[in-house]
Amino acid sequence: INNNTSDYLLLSGPPVIAPPFTMCCWYKNSLLSGTRSLLTLSASGNTTDYHTLQFSTATLRARSSDSTSQSSANAGVSATQDTWQHGAAVFSASNSRACYLNGGNKGTQSSTRSPGTLNSFAIGCLYGSTPSAFYVGFVADVRLYNRALTDTEIAEIYDPSSRWDLYDPITKVWAIFGGAQTLTGSATAAATTAITESGLLSAAGSGSLTTATAAGDNSLAVNNVTES
């Protein structure tokens, strides 16, 4: 995402539309001037209603906005340019937001902000009727949770020894192209469909997807299945 004028990724109808929720990602920014949004949950019909994880120059912040005003929780240390870092924004309630940089350095803010109906999730801009605040750089491992993660969980997502062990995002979506795909669940679907990891039992065709059943083990064995 690097042209500073129009590059971004957009998901309409996101699986979470109001607090509590958490958004986080790894990023390597190529431009640290101005205002740049990494992740945004917003209303597509205006430019005032949103929650976002963004930079204001070197300050990483979790920012909420409604038709009245904006309020931000700033991370406790400054971000740097051209370095892989981890940013997280936790929106626990309309009057509780927190921002983290690299698993800690937490900043909080408690003004009440109540955005209207939120229907879009964007990576790389402050999305709305007129997208703005375009991010310039790399983004990886974007996560959206339908709960407020704790300080410990944010630190463990940042820690390379534990970041892949726990805390699955809201939904894992798998695009199935043919195959007898076996998952935990109790339903069937036709081939070439998008399914959640725990929602469907099988689909016609060839190939397979199985989920481990051991307690605490959510690993996947995949054959001829593409993830999207």
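- Put simply, the side chain of Thr108 does not reach to within 4.5 Å of the side chain of Ser96, judged on heavy atoms.
- With rounding to the nearest 0.5 angstrom, the CG atom of Leu32 is 10.0 Å from the CG atom of Leu60.
- Side chain of Ser65 to main chain of Thr48: a donor-acceptor pair is present (N/O by atom type, distance under 3.5 Å, no hydrogens or angles).
- For the atom pair CH2 (Trp26) and CZ (Arg143), the distance works out to 10.0 Å, reported to the nearest 0.5 Å.
- By the side-chain hydrogen bond (donor to acceptor under 3.5 Å, both in side chains) test, Ser71 pairs with Arg113, sequence neighbours left out.
- Checked against side-chain hydrogen bond (donor to acceptor under 3.5 Å, both in side chains), Tyr50 has no partners two or more places apart in sequence or in another chain.
- Residues Arg36 and Leu38 are not in side-chain contact: their nearest non-hydrogen atoms beyond the backbone lie 4.5 Å or more apart.
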**Item:** From CA spacing to verdict: side chain to side chain contact (heavy atoms under 4.5 Å, CB included), Thr52, Gln70
**Value:** CA-CA 11 Å; Thr52 187; Gln70 304 83 38; over 6 Å; no
Give the table of side-chain donor-acceptor pairs shorter than 3.5 Å for residues 118-133, with sequence neighbours excluded, one pair per line with atom names and distance.
residue	atom	partner	partner atom	Å
Asn119	OD1	Ser44	N	3.0
Asn119	OD1	Ser44	OG	3.4
Asn119	ND2	Ser44	OG	3.2

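- Closest non-hydrogen pair, Pro14 versus Ile17, comes out as O-CG2, 4.0 Å.
- Note that the OG1 atom of Thr40 and the CG atom of Leu10 stand 10.5 Å from one another [nearest 0.5 Å].
- The side-chain heavy atoms of Leu149 and Glu156, taken from C-beta on, include no pair separated by under 4.5 Å.
- Taking every heavy atom of both residues into account, Ser94 and Ser114 meet most closely at CB-OG, 4.0 Å.
- Under the 3.5 Å distance criterion, the side-chain polar atoms of Thr150 are matched with a main-chain donor or acceptor of Glu153.
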**Message:** Asp7 vs Phe134, test: side chain to side chain contact (heavy atoms under 4.5 Å, CB included). Steps then yes/no.
**Reply:** CA-CA 7 Å; Asp7 282 355; Phe134 294 98; 5.9 Å; no
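- Contact check for Tyr135 versus Tyr27: side-chain heavy atoms found under the 4.5 Å cut-off.
- For the residue pair Thr22 and Ala148, the shortest heavy atom distance occurs at OG1-CA, 3.5 Å.
- Atom CD of Gln81 and atom OG of Ser30 lie 7.0 Å apart (nearest 0.5 Å).
- Here Gln85 contributes atom CD and Thr80 contributes atom OG1; the two are 3.5 Å apart, rounded to the nearest 0.5 Å.
- Between Ser33 and Leu31, some side-chain heavy-atom pair lies under the 4.5 Å cut-off.
- Residues Pro19 and His51 form a side-chain contact, since some pair of their non-hydrogen atoms from C-beta on lies under 4.5 Å apart.
- With sequence neighbours excluded, no residue forms a side-chain hydrogen bond (donor to acceptor under 3.5 Å, both in side chains) with Asn74.
- Between Ala62 and Phe91, the closest heavy-atom pair is CB-CZ, 3.9 Å.
- When all heavy atoms of His86 and Ile157 are compared, the pair lying nearest together is NE2-CG2, 3.6 Å.
- Ser111 pairs by the side-chain hydrogen bond (donor to acceptor under 3.5 Å, both in side chains) definition with Gln109, not counting sequence neighbours.
- For the salt bridge (charged side-chain N to carboxylate O under 4.0 Å, His left out) test, no residue two or more places apart in sequence or in another chain qualifies with Asp82.
- Considering every non-hydrogen atom in both Asp49 and Ser67, the closest pair reads OD1-N, 3.7 Å.
- Rounding to the nearest 0.5 Å places SG of Cys24 at 5.0 Å from OH of Tyr145.
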